[in-house]
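Worksheet: the structure to be examined is printed underneath.
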Amino acid sequence: MREPQATEVVRVDPDHPAADAIARAAQLIRCGRLVAFPTETVYGLGANALDAAAVRAIFTAKGRPPTNPVIVHVNDAGGAATLVRQWPPLAEQLAARFWPGSLTLVLRKRAEVPDVVTAGGPTVAVRAPAHPVARALIAAAGVPIAAPSANPSSRISPTQAEHVLQGLAGKIDLILDGGATPGGLESTVLDLTVAPPRLLRPGLISPAEIESVIGPIERPSHATGKVDLVQGAKSPGQLRRHYSPSVPIECAADDGRSRVLELLNSGYNVGWLAIDPAETIPGVTTHVLPNDAISYSARLYAALFELERAGVDCIVAALPPESDEWFAVRDRLRRAAG
Ligand code: TXA
Ligand code: MG
């Protein structure tokens with residue numbers, strides 16, 4: 001598989017992407033090439049999921065360990081059903097309620113799904129994204145699209161085309177630039193191969209919402225945030241320190257102000273990820289994010305990218321409350337802090 005020479009960026013309207021741009025991207029996917037595209041969560045790095053060589057190229061571009069399986073994107077339950085051995089009633093109920101959307105379901109795979117997609121495991125993760133650009137690309141490609149987040153392995157997921165370019169320029173063929181992704185955090189991942197179903201990664205679709213459709217699921221506690229450290233191998237992306245900025249980040253138990261001042265007084269160039277309301281501190285690069293989990297999530301990764309770019313030595317993040325709505329945010333902040 002030859003290395004792409006340069007990465008082309010094509011701007012598309014996020015709601016009504018131009019047919020020619022989508023056709024070009026779809027053609028590349030069908031030829032085994034790599035295309036980054038926006039979803040409603042974060043940007044994905046897509047390849048034809050049924051082409052093992054193309055999916056291997058994703059792992060190479062990202063520097064992703066081959067032990068970490070990738071999510072396959074389809075447009076509906078019918079598309080998902082072609083990839084799995086069985087499409088159980090639970091999957092049908094969840095898809096009816098949450099698809100297209102940011103819920104990923106783990107099910108037993110069919111033989112046609114290449115081993116590289118599932119890291120050699122017997123299960124495959126499937127999701128129908130809601131973003132019009134992602135949906136148009138899947139439809140035009142005519143194949144399911146394997147896509148992890150479009151960042152170098154173990155770095156922050158991109159929520160803007162510019163973030164993708166920063167991490168993967170020269171390593172992928174095309175980026176469909178549909179602007180900032182609305183959700184900002186990766187999808188909720190739910191394992192349906194165990195009873196009760198197990199939450200493998202918290203996301204914007206909360207455990208309570210899932211439980212309102214299918215009843216009790218196994219989920220981590222708010223206090224420890226421990227999902228499956230024991231089950232690490234089950235969803236390798238959930239190993240700690242997965243979503244890490246290149247500068248050290250620590251979570252404060254309070255608003256972070258006193259820790260920021262302490263580091264500032266010790267001579268550090270500190271970045272502060274605060275929650276509204278917060279008074280800025282002279283000499284500290286501060287991002288005040290909204291005190292509302294949905295808006296906060298949409299802006300979290302962009303704020304981390306900007307703090308990195310500002311050249312701070314370390315980042316102090318205020319830890320949001322232990323409530324269901326902030327569950328995914330706390331998970332990502334904890335993992336970023338490692
Ligand atoms: O929102 C999202 O999910 C984004 C967009 C692009 O769809 N994708 C994404 O992919 O975040 P990635 O590869 O960065 O994270 C996928 C997560 C990882 O934690 C991976 O280990 C887990 O899903 N996963 C994938 N296949 C799995 C499987 N068969 N069993 C268990 N976990 C799986
Ligand atoms: Mg990722």
Side-chain angles (χ1 to χ4, degrees), residues 35-47 49 55 58-59 61-74 80 83-85 98-110 113-131 133-135 137-138 144-159 163-164 167-168 176 178 181-194 197-205 227-228 231-244 297 301 328 331-332 335-336:
V35 175
F37 60 96
T39 78
E40 72 279 24
T41 59
V42 299
Y43 274 77
L45 178 57
V55 178
I58 293 180
F59 283 78
K62 283 179 59 93
R64 185 180 179 97
T67 48
N68 192 3
V70 297
I71 298 172
V72 180
H73 297 70
V74 294
L83 301 167
V84 302
R85 272 177 203 275
F98 298 111
W99 280 9
S102 58
L103 178 66
T104 296
L105 301 175
V106 173
L107 291 156
R108 301 226 162 264
K109 83 173 188 91
R110 279 201 201 177
V113 179
D115 283 339
V116 59
V117 170
T118 65
T123 63
V124 63
V126 288
R127 147 166 136 82
H131 198 292
V133 174
R135 294 184 61 76
L137 180 62
I138 295 165
I145 295 183
S149 50
N151 50 282
S153 185
S154 87
R155 302 296 312 285
I156 310 165
S157 295
T159 56
H163 302 156
V164 180
L168 297 174
L176 289 173
T181 58
L185 294 186
E186 305 84 350
S187 64
T188 305
V189 180
L190 185 70
D191 186 354
L192 289 182
T193 68
V194 291
R198 181 183 294 145
L199 186 72
L200 296 181
R201 178 172 71 183
L204 293 177
I205 293 179
V227 190
D228 59 336
Q231 305 277 341
K234 189 88 220 281
S235 199
Q238 289 310 78
L239 296 176
R240 294 186 72 181
R241 267 207 83 75
H242 183 66
Y243 305 95
S244 40
S297 300
Y301 291 158
D331 171 75
R332 298 310 189 279
R335 285 177 206 288

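Order of listing sets the numbers, starting from 1, for every ligand and every atom in it.
- Looking at R108, H73, K62, H131 and measuring to atom 7 (O) of ligand 1, the nearest heavy atom belongs to H73.
- Looking at V55 and F59, their side chains come closer than 4.5 Å, going by heavy atoms from C-beta outward.
- In terms of modelled atom types and a separation under 3.5 Å, the side chain of K62 and the main chain of N151 share a donor-acceptor contact.
- Those atoms of ligand 1 that come under 4.0 Å of a heavy atom in T41, given as number and element, are 1 (O), 2 (C), 4 (C), 5 (C).
- Ligand 1 places these atoms under 4.0 Å from at least one heavy atom of V106: 30 (N), 31 (C).
- Contact analysis puts R64 in contact with ligand 1, with a non-hydrogen atom separation below 4.0 angstrom.
- For ligand 1, the atoms sitting less than 4.0 Å from at least one non-hydrogen atom of L200 are 31 (C), 32 (N), numbered in the order shown with element in parentheses.
- Two residues are said to be in side-chain contact when any heavy atoms from C-beta on lie closer than 4.5 Å; P202 and R332 meet this criterion.
- Considering backbone and side-chain N/O atoms, T39 never comes within less than 3.5 Å of an N/O atom of ligand 1.
- For S157, every N, O or S atom stays at 2.8 Å or more from the Mg ion (ligand 2).
- Heavy-atom contacts from other residues, nucleotides or ligands closer than 6.0 Å to CZ of R110 number more than 12.
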Next on the checklist: Between Y301 and E186, does the side chain to side chain contact (heavy atoms under 4.5 Å, CB included) criterion hold? Intermediate values first, please.
Outcome noted: CA-CA 11 Å; Y301 291 158; E186 305 84 350; 3.0 Å; yes
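- Residue N68 has at least one N or O atom closer than 3.5 Å to an N or O atom of ligand 1.
- Electrostatic pairing of D191 and R201 does not count as a salt bridge here, judged by no charged N lying under 4.0 Å from a carboxylate O.
- One option in A134, A147, A125, G44 has a heavy atom closer to atom 8 (N) of ligand 1 than any other, and that option is A147.
- For ligand 1, the polar-atom distance check against R201 finds a nitrogen or oxygen pair separated by under 3.5 Å.
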